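Worksheet: the structure to be examined is printed underneath.
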There are 2 protein chains.
Amino acid sequence: MDDRPAERNGCPDCPIEGRVRLSPENHRFGLDRFKTGEIDLGAGAGIVLEGAREPNLFALARGVAFRHKSLADGRRQILGYAFPGDFLGLRGALLGEMQHSIDAMSAVRLCVFDRAGLLRMFATDPGAAYAVVRRAAKDESILDENLLSIGRRTALESAAYLLALLHQRARPAGLAPEGRFAFPLTQQHVADTLGLSIVHINRTLKRLAELELIAWLDRGCVIRDEAGLLDLAGWTGLGEAFHQVG
Amino acid sequence: MDDRPAERNGCPDCPIEGRVRLSPENHRFGLDRFKTGEIDLGAGAGIVLEGAREPNLFALARGVAFRHKSLADGRRQILGYAFPGDFLGLRGALLGEMQHSIDAMSAVRLCVFDRAGLLRMFATDPGAAYAVVRRAAKDESILDENLLSIGRRTALESAAYLLALLHQRARPAGLAPEGRFAFPLTQQHVADTLGLSIVHINRTLKRLAELELIAWLDRGCVIRDEAGLLDLAGWTGLGEAFHQVG
DNA sequence: CGACGTGTTGAGTGTGATCAACATCTGTGG
DNA sequence: CCACAGATGTTGATCACACTCAACACGTCG
């Protein structure tokens, strides 16, 4: 397994390739062998719209995005967050239609793979396909914990869980220097993730700050005591395995 | 594509094969080529325990099961339900450890595939692997709607959503003759799925019954007006594509 | 028979929602 | 430079949806 990045088509230091181990051949040519394009978007931009026929699979190369869906009267639920190296819209590529929207939270760079490319990957590089599915399984394992949080944790426990989770995901990506989130997370985001009102979230975050577990700055959060948050939430964290390649 | 079931190793009328299109060769030999065993369990039996190292992938051949996880003090959250043809523990097989428990709700029959078999399937039958992943993606797409329900719908809307969902999943499997669920769903199940107390669920179900949308019998539910439930929940249902093969 | 699981109902409580007002800060246009 | 709108955050007052505690009815099963 030689590693001469100079020989690759492009995408040096790709965060996706850093998390998906490819076959030797694809490692040489890069995951971009299956890539059909690249997109840069500003903060707040919509990436995918609920209900759209979206045959593309995206990989988040830079920035933070979030998936969400809404009821007819506007009540919104945030389903999850994506960090560099995550895939977006795998389900859409597999099933043809997106059942949720995706928005860019910060400025983002997306790599685009079309549906045909995904099929080709399954046929020609089973190892890469397996790795992509494994990666997707990791991302989706968080959904279960979110469900537990919204359903059974109190507002305080739930907020503690979410902020600890975001910290654990942001830190390895370099997006939480000194505990400070490097992306504009608003209290509205937190409220829509936990299924609570923004007023109640404001008071809950204040309590977390009084407990010296976090601090809330303008459009951002500082994690002061992750262990304390985990303890309060009754959660063990993502675990070592989550961040390992493959 | 000949279909001579007599030539197959076993598993006639397998509900999994009915939903996953295999390559001609595997179609002939059956999905059981990758199968390592078969398990029959009674109602209420535990299938997988949270935290267990479970390298097996299961396919539910008969019956109904549910996934759940709990907080330290016993608060329980049901994450989802599995019907015949669904895969269970795909994430566990991919990642090595189960982060949730699975219990049999009725008597069930499980087909067992080990981790190695899954790997072999990726390598030797990309089409089957793609189909399995597609099938899993469909099952998991329900998680998003559950999250929206628990987070943003009122108790009445949420209960209407859940009962409509279960009906839409049970009916094609023949588990809802005349709208009557053929598996023992208790009000405790409903409460733990929606993150509500059992007392409140009891009153909510009573309201749904007064609206003539459902009726509640002993350990079971009768759907009287699915369209009314969907309308109340503000949900369009699973859609045709969900039940299609492939 | 008693124990247990399930379903039902009443009464009192509380977490979290709603309504409302205001403080900042940003960007925009006059 | 100011006026203004919009997004975000903050706080108080009131309300209600859902929780807790409690008791009881009914069935099954040992």
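So you know, we letter chains A, B, ... as the sequences are listed, proteins then strands, and number each from 1. Just so it is clear, the structure is predicted and the values come from calculations on it, not from any experiment.
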Sugar-phosphate only, base, or nothing, as touched by [X] at under 4.0 Å among non-hydrogen atoms:
| X | result |
| --- | --- |
| A:Thr186 | sugar-phosphate |
| A:Gly195 | sugar-phosphate |
| A:Gly44 | nothing |

Result for 5'-nearest mapping on DNA chain D, choosing between B:Ile201 and A:Leu217, is A:Leu217

Per nearest nucleotide of DNA chain D, the residue lying toward the 5' end, A:Arg203 or B:Arg203, is A:Arg203

Can you check the [X] [atom1] to [N] [atom2] distance for me, whole Å?
| X | N | atom1 | atom2 | answer |
| --- | --- | --- | --- | --- |
| B:Arg152 | D:dC17 | CZ | P | 17 Å |
| B:Asp192 | C:dG7 | CG | P | 12 Å |
| A:His189 | D:dT8 | NE2 | P | 7 Å |
| B:Gln187 | D:dC26 | CD | P | 16 Å |
| B:Arg75 | C:dT15 | CZ | P | 13 Å |
| A:Ile150 | D:dA18 | CD1 | P | 15 Å |

Which one, [options], comes nearest to the side chain of [X]?
| X | options | result |
| --- | --- | --- |
| B:His200 | C:dG7, C:dT9, D:dC19 | D:dC19 |
| A:Leu196 | C:dT18, C:dA17, C:dT8 | C:dA17 |
| B:Asn202 | D:dG9, D:dA18, C:dG7 | C:dG7 |

Is any side-chain heavy atom of [Y] closer than 4.5 Å to one of [X]?
| X | Y | value |
| --- | --- | --- |
| A:Asp86 | A:Arg135 | yes |
| B:Leu57 | B:Leu94 | no |
| A:Val48 | A:Leu88 | no |
| B:Met98 | B:Leu49 | no |
| A:Ile102 | A:Phe58 | no |

Report the relative orientation of the aromatic rings in B:Tyr81 and B:Phe66; use parallel for angles under 30°, tilted for 30 to 60°, perpendicular for over 60°.
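B:Tyr81 vs B:Phe66 ring planes: tilted.
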
I'd like to know if B:Glu157 pairs up with B:Arg152 as an ion pair, taking the criterion as any Lys NZ or Arg NE/NH1/NH2 lying under 4.0 Å from an Asp or Glu carboxylate oxygen.
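Here B:Glu157 does not pair with B:Arg152 in a salt bridge, since their nearest N and O are not under 4.0 Å apart.
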
Between A:Glu210 and A:Arg203, is the closest basic N to carboxylate O distance under 4.0 Å?
no

Determine whether the side chains of A:Glu145 and B:Gln99 contain a donor N or O and an acceptor N or O closer than 3.5 Å.
no

Is B:Lys206 close enough to C:dT9 that one of its side-chain N or O atoms is under 4.0 Å from OP1 or OP2 there?
yes

If every non-hydrogen atom of A:Ile47 is compared with every non-hydrogen atom of A:Asp103, which pair is closest and at what distance?
CD1-C, 4.1 Å

Please work out which residues in residues 154-163 of chain A have a non-hydrogen atom less than 4.0 Å from an atom of DNA chain D and list them by number.
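Within this stretch, nothing sits under 4.0 Å of the strand.
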
Between A:Arg207 and A:Asp218, which residue's closest nucleotide on DNA chain C lies nearer the 5′ terminus?
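On the 5' side of the pair lies A:Arg207.
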
Anything under 3.5 Å between a protein N or O and an N or O of nucleotides 27-30 of chain D, put it in a table, one pair a line.
none

